Amino acid sequence: MRMSEIFAPTLREVPAEAEIASHKLMLRAALMRKTMAGVYTYLPLGWRSIRKVEQIVREEMDRQCGQELFMPALQNPEPWQRTGRYDDYGSEMFKFKDRGGREVCLGPTHEENITTHVADEVRSYRQLPKLLYQIQTKFRDEIRPRYGVMRGREFIMKDLYSFDADQKGLDKSFERMYEAYCRAFTRMGLDFLIVEADSGAIGGKVSKEYMAIADIGEADIVVCEKCSYGANVERAEITARPEACPCDCPPKSKVETPDVRTIEQLEKYLSVPADRMIKTLVYLADGEPVVALIRGDRELNELKLRNAVGAKEVALADEETILKVTGAPVGFAGPVGIRCAKVLADFEIPAVKCGVSGANEKDVHYKDLCYGRDFGPFELADLRNAVAGDMCPECSNPLIAKKGIEVGHLFKLGTKYSVPLGCTYLDDKGESHPMVMGCYGIGITRCVAAIIEQHSDEKGIIWPMSVAPYQCLVVVVNTTDERQSRAGEVLYAQLKEAGVEVVLDDRDERPGVKFNDADLIGIPIRVTIGQKGLDKGCVELKMRRDSQAVLIPVEDAAKQIRAIVGAEIEGLDPDKR
RNA sequence: CGAGGUGUAGCGCAGUUUGGUAGCGCGCUUGGUUCGGGACCAAGAGGCCCCGGGUUCAAGUCCCGGCACCUCGACCA
């Protein structure tokens with residue numbers, strides 16, 4: 001490809017809409033353009049990288065005996081209704097009517113579709129396991145699309161579904177995907193961690209997330225540096241059970257706190273640190289009020305609360321409910337004399353010494369509260385998000401906090417879909433059983449953004465060789481110079497002949513323009529052909545990630561470049577490292 | 001959906017307070033001079049000022065109503 005011909009409109013200035021590095025660079029380096037909020041057109045350079053990421057994923061799926069197929073984006077709502085997800089997925093699913101007035105929807109994921117087919121076609125344990133996957137466009141009507149392709153409403157995903165006869169089979173399929181994902185992300189050049197996760201709307205029990213480490217990541221995770229434990233903060237189990245306060249505090253007393261409602265205000269007003277406060281939160285769990293007590297400096301985890309009370313949905317209660325339960329306006333709730341059938345306290349609450357909380361009375365708080373003496377006992381549970389410093393549940397080492405971009409997710413689904421959709425098989429005794437399923441996703445377009453987050457500098461992208469849109473860029477410094485121009489054409493032809501993916505910058509532009517575009521687009525190998533080098537019979541070779549160039553003889557250039565490309569790709573290959 | 005903000009040339013923005021000929025920088029076109037890190041000179045092209053109503057002699061600017069986009073909160077690959 002020639003730069004004079006390619007459709008790659010790079011931008012000098014940063015588009016106002018972009019916030020994070022990958023979004024800015026994907027626009028500036030002409031990888032994509034926005035069509036609507038969360039919807040993008042991929043331009044030739046961007047599409048080439050996306051296809052390379054896809055291909056790596058495809059190869060790793062195939063290696064684990066995955067079979068590629070292709071499902072429709074346009075879906076029949078009927079199986080969704082049977083699994084109950086037509087409502088559960090809610091407004092995140094694009095739904096509309098066809099001309100005949102029939103409801104149709106766009107697939108945000110494909111468990112229903114694939115399970116329906118497997119149910120129809122697979123009958124015997126002899127046909128299991130089956131690992132079926134596709135790389136396809138997904139649609140999710142996100143509440144707030146953000147960060148370019150990081151959270152889009154239309155995006156490309158690889159989704160694989162495993163069908164096994166039993167739990168043991170599922171465990172094996174899961175292991176295969178675990179391996180495949182490690183290999184795929186390594187080959188793309190991603191620095192990632194594997195963490196325990198919650199399975200959310202997809203369902204199932206065991207779930208692991210692959211997190212590309214990045215400061216702009218939307219997921220908070222905690223990891224152990226001693227063992228390999230890592231978890232999403234909402235999932236991380238907190239094992240510490242601090243000793244109860246010995247109750248040698250002075251008797252509880254009321255203090256006037258006019259208009260002091262928040263933890264921060266209270267900290268200032270009473271000069272009491274937040275870890276001595278008892279935050280009292282009123283929730284509605286499937287419509288029923290529930291009170292949760294956690295330490296003032298902690299974050300309540302709604303997921304843990306939901307699991308602890310066994311509810312399908314929990315949400316902060318409205319003011320009216322709060323008034324009914326506490327007898328006071330918002331901001332003065334406390335555990336003493338609370339009028340609620342269900343009260344849960346975090347495991348840390350009994351240990352709070354001389355606690356402070358609302359008195360269920362406007363403008364009044366209690367101080368010197370002790371669990372057991374002044375309130376409770378209540379049901380104790382793990383209700384808060386993990387933070388740095390919490391103990392590792394595996395090895396009791398203190399955890400550290402990181403941020404990650406979720407690029408992949410593995411789920412053990414069990415029979416959540418096979419039962420309602422009648423996806424069963426006959427075992428060797430002729431007995432019928434539901435298949436045991438797993439599902440495994442990789443956000444392809446999100447991977448591209450994550451790669452750029454991890455591989456870029458102020459000037460632009462620094463593509464890993466395996467996913468770069470092209471492998472080598474030949475820059476002719478001055479195209480009006482016949483000698484340079486000819487040398488460029490010759491090397492360009494030789495590189496193509498050698499099987500290197502090459503771009504020739506043959507534009508009649510100032511050298512600075514070409515070098516800046518080269519840095520922005522980030523092709524890993526840059527060869528500069530200019531007077532300085534040619535006078536010595538050489539061209540300059542510079543890796544995008546390095547600051548220094550080296551001179552190599554013109555006649556060796558193609559061979560050497562070919563070798564570098566091979567070595568770079570091998571360097572990312574888990575088999576070869 | 002709640003809170004805040006922005007819509008003016010391909011991109012980045014000024015102009016809106018106080019209504020009166022549509023502006024700047026970059027990019028683009030043509031000619032010339034240049035050519036190792038975003039050149040210079042000259043001449044150009046390019047606007048439903050987000051949309052719809054209203055007020056006014058006159059609206060980018062004021063009023064009403066929409067829409068789109070961005071940022072902050074709950075969801076997710």
Side-chain angles (χ1 to χ4, degrees), chain A residues 9-20 23 27-28 30 33-39 53 57 88-93 108-110 135-160 181 197-202 207 209-212 218-219 232 234 302-303 313-316 404-411 439-450 459-460 475-481 484-485 507-520 526 528-535 540 542 547 549:
Chain A
T10 55
L11 302 175
R12 288 195 180 193
E13 276 166 300
V14 184
E17 71 196 55
E19 195 76 1
I20 62 167
H23 188 193
L27 294 168
R28 286 194 60 214
R33 288 291 182 265
K34 186 174 73 182
T35 312
M36 304 189 259
V39 180
V53 170
V57 170
D88 286 358
Y89 227 97
S91 41
E92 205 170 301
M93 186 150 57
T109 172
H110 282 73
I135 296 172
Q136 192 243 18
T137 304
K138 296 282 184 279
F139 297 86
R140 292 186 192 174
D141 195 359
E142 290 285 344
I143 297 164
R144 193 153 85 79
R146 208 187 336 194
Y147 291 162
V149 101
M150 204 71 86
R151 178 186 298 280
R153 296 195 293 171
E154 174 175 334
F155 57 96
I156 301 172
M157 183 166 129
K158 184 284 306 177
D159 43 328
L160 184 144
Y181 276 40
D198 187 81
S199 41
I202 307 281
S207 161
E209 286 171 340
Y210 284 71
M211 293 287 184
E218 297 185 88
N232 204 308
E234 55 187 30
E302 295 190 358
L303 231 101
E313 212 179 299
V314 298
L316 272 170
I405 300 163
E406 185 187 345
V407 286
H409 206 152
L410 312 178
F411 299 91
C439 81
Y440 317 85
I442 291 180
I444 300 287
T445 34
R446 187 181 276 183
C447 282
V448 173
K459 289 181 167 178
V475 178
V476 176
V477 172
N478 183 350
T479 48
T480 60
D481 180 71
Q484 293 179 36
S485 183
R507 292 176 299 172
D508 181 16
E509 285 284 357
R510 308 272 308 179
V513 172
K514 293 191 254 198
F515 290 139
N516 280 306
D517 269 345
D519 289 343
L520 177 60
R526 190 183 86 192
T528 306
I529 296 182
Q531 194 191 328
K532 285 194 280 188
L534 288 181
D535 285 346
E540 283 159 56
K542 181 184 163 298
S547 51

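As the structure is a prediction and not an experimental result, all values here were calculated from the model. Chain letters run A, B, ... following the sequence lines, proteins first, then strands; residues in each count from 1.
Applying the salt bridge (charged side-chain N to carboxylate O under 4.0 Å, His left out) test to A/Arg510 and every residue at least two apart in sequence or in another chain returns nothing. Residues meeting the salt bridge (charged side-chain N to carboxylate O under 4.0 Å, His left out) test with A/Lys532, sequence neighbours left out: none. Partners of A/Lys138 under the side-chain contact (heavy atoms from CB on, under 4.5 Å) rule, at least two apart in sequence or in another chain, are A/His110, A/Gln134, A/Gln136, A/Phe155, A/Met157, A/Asp159. Considering only residues two or more places apart in sequence or on other chains, A/Asp141 meets the salt bridge (charged side-chain N to carboxylate O under 4.0 Å, His left out) condition with A/Arg153.
The A/Glu92 side chain lies nearest to B/C75 when the options are B/A77, B/A74, B/C75.
Heavy atoms of A/Glu142 sit under 4.0 angstrom from at least one base atom. Using a 4.0 Å heavy-atom distance criterion, A/Gly148 is classed as making no nucleic acid contact. Residue contacts for A/Lys158: at a heavy-atom cut-off of 4.0 Å it reaches no nucleic acid atom on any strand shown. As judged by a 4.0 angstrom heavy-atom cut-off over every strand, A/Tyr181 is placed among residues making no nucleic acid contact.
Annotation: A/Gln531, atom CD; neighbour count of heavy atoms from other residues, nucleotides and ligands within 6.0 Å does not exceed 12.
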Could you go over nucleotides 12-16 of chain B and give all protein N or O partners under 3.5 Å, atom names and distances?
residue, atom, partner, partner atom, Å
B/G12, OP1, A/Ala16, N, 2.9

Each nucleotide of nucleotides 31-44 of chain B classed B (base within 4.0 Å of a protein heavy atom), S (only sugar-phosphate) or -, in 5' to 3' order, makes ---BBBBBB-----
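Here the closest heavy-atom approach between residue A/Met93 and residue A/Pro108 is recorded as SD-CD, 3.7 Å.
The residue among A/Gly441 and A/Arg146 whose nearest nucleotide of RNA chain B is located toward the 5' end is A/Arg146.
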Applying side-chain contact (heavy atoms from CB on, under 4.5 Å), run through A/Val57 and A/Ile444 and close with a yes or a no.
CA-CA 9 Å; A/Val57 170; A/Ile444 300 287; 3.9 Å; yes
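One can find a donor-acceptor pair under 3.5 Å joining the base of B/C75 and the side-chain atoms of A/Arg151.
Contact annotation: A/Tyr147 side-chain N/O to B/C76 OP1/OP2 distance is not under 4.0 Å.
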